[in-house]
Amino acid sequence: MPELPEVETVKRSLASVLDGQTIERIERRDVSPAKAPDGQFYGSPADIEQFVVGASITGFRRRAKVLIIDLSSDYSLIIHLKMSGQLVVVEPDGKRVGGGHPTKSLVQELPDKTSRTIFYFESGQRLFYNDQRKFGWIKLVPTPEVEHNKLITKLGPEPFDDDFTAEYLAERLSRRTIAIKTALLDQKMIGGIGNIYADEALNLAGIDPTRESKSLTTAEIEKLVATIPAVMNRSIELGGTSFSDYVDGLGQFGKYFDEARVYGRANEPCLECGGPISKIMLGGRGTHYCKNCQH
DNA sequence: CGCTCGGCCTGTGCGC
DNA sequence: TGCGCACAGGCCGAGC
């Protein structure tokens, strides 16, 4: 589910209510399958007891699609929501802090069967880490080690970084034969792009997603370097993309989907030419584009 | 080294 | 109405 704009939205919403709050207790649930750690939380019970319980939250950070919660114990929680992860704050009375939405996924009381870990705060509020498909994870690491952690160091520059330039991207694409769409999803090349925004940015740039990476012209690469942060910024403004059950930390839906140009719009008319949006499989991912407008 | 594909999980929606 | 298959926001590792 969450790509950079969704994780950024979750980060901001959680920070607005949980910054400075003290964790009173942790509950790790749903221990199946046996090989996954309790609650998908990688950390020994002793370490969690010592460095998480009783600690307060000193800040929230994001790197690409990874959320980092810093604690007063000088330890940090590194969290990846992968496809179906949610972090949702609930009031003592069980209501979402932001009120949430009256939809199927939110009518249900928490915890539900997807709730893997619950953080109880002294305020009485609770933070639910829900993950239907169980691909996501939480890891406990010393704060000084976060930036040296392999999960973080392997990530390429983010779309908003100063070092995300046309020169950088041209160099990285210059000898690659993989489709440009596949290249954009490579987190080592650029950190934070996922399936939705790869399709959207390529549409805005007028580039066919199946093109060989090394075939892109300088002008096309310059367009991409502009459209990628543009589409991400617009999505952050709208609170990310929800097309089924993504919600932010307050249970709010993102509205970018209403503005999506190609993603999820197979067979619908292209906003530019009116022709049908195509959907193909590329590198195992559903890929949406306009054959008239993207070359 | 580069590339493609299957696997990890659970659920939903579609075609038959 | 029921059944089985394809696909879903991500990423890793095996195998060529």
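Proteins get letters first, then strands, A, B, ... in listed order; numbering begins at 1 in each.
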Stacking check A:Phe135 vs C:dC11 (5.5 Å / 30 deg): no
Please tabulate, for side-chain N and O atoms in residues 139-146 of chain A, each donor-acceptor pair with protein atoms closer than 3.5 Å (sequence neighbours left out).
| from | atom 1 | to | atom 2 | distance (Å) |
| --- | --- | --- | --- | --- |
| A:Thr143 | OG1 | A:Asp74 | O | 3.1 |
| A:Thr143 | OG1 | A:Tyr75 | N | 3.3 |
| A:Thr143 | OG1 | A:Tyr75 | O | 3.1 |
| A:Thr143 | OG1 | A:Ser76 | OG | 2.7 |

Given atom [atom1] of [X] and atom [atom2] of [N], what is their separation to the nearest angstrom?
X	N	atom1	atom2	result
A:Lys188	B:dC1	NZ	P	12 Å
A:Trp137	B:dC9	CH2	P	16 Å
A:Ile280	B:dT4	CD1	P	13 Å
A:Gln187	C:dG13	CD	C1'	17 Å
A:Gln132	B:dC8	CD	P	17 Å
A:Lys154	C:dG10	NZ	P	14 Å
A:Ile236	C:dG9	CD1	P	19 Å
A:Lys214	B:dC1	NZ	C1'	14 Å

Rounded to whole angstrom, note down the [atom1] distance from [N] over to [M].
N	M	atom1	result
C:dA14	B:dC9	P	16 Å
C:dC7	B:dC5	P	13 Å
C:dC11	B:dG11	P	22 Å
C:dT1	B:dT10	C1'	23 Å

Please confirm whether the shortest side-chain N or O distance from [X] to OP1 or OP2 of [N] is below 4.0 Å.
X	N	answer
A:Arg285	C:dG9	yes
A:Lys65	C:dG9	no
A:Lys113	B:dC9	no
A:Thr177	B:dC3	yes
A:Tyr263	C:dG9	yes
A:His80	C:dG10	no
A:Arg176	B:dC3	yes
A:Lys134	B:dT10	yes

For DNA chain C, please output the secondary structure as dot-bracket, reading 5' to 3'. Pairs are Watson-Crick or G-U wobble, both atom distances under 3.5 Å; mark crossing pairs with [ ], other-strand partners with |, unpaired with a dot. .|||||||.|||||||
Heavy atoms of other groups near A:Glu49 CD, more than 12 under 6.0 Å: no
Counting only heavy atoms from other residues, nucleotides and ligands, does the tally under 6.0 Å from CG of A:Asp93 exceed 12? yes
Check whether any side-chain N or O of A:Ser213 sits under 3.5 Å from a backbone N or O of A:Ile178 as a donor-acceptor pair, and report yes or no. yes
Ignoring hydrogens and geometry, is there a side-chain-to-backbone donor-acceptor pair from A:Arg234 to A:Ile236 under 3.5 Å? no
Would you check if there is a donor-acceptor pair between the side chains of A:Glu6 and A:Tyr197 at a distance under 3.5 Å? yes
Name the residue closer to the 5' end of DNA chain C, choosing between A:His288 and A:Leu185 according to the nucleotide with the nearest heavy atom. A:His288
Which residues pass the side-chain contact (heavy atoms from CB on, under 4.5 Å) test with A:Ala205, sequence neighbours left out? A:Ile207, A:Lys223, A:Leu224, A:Thr227
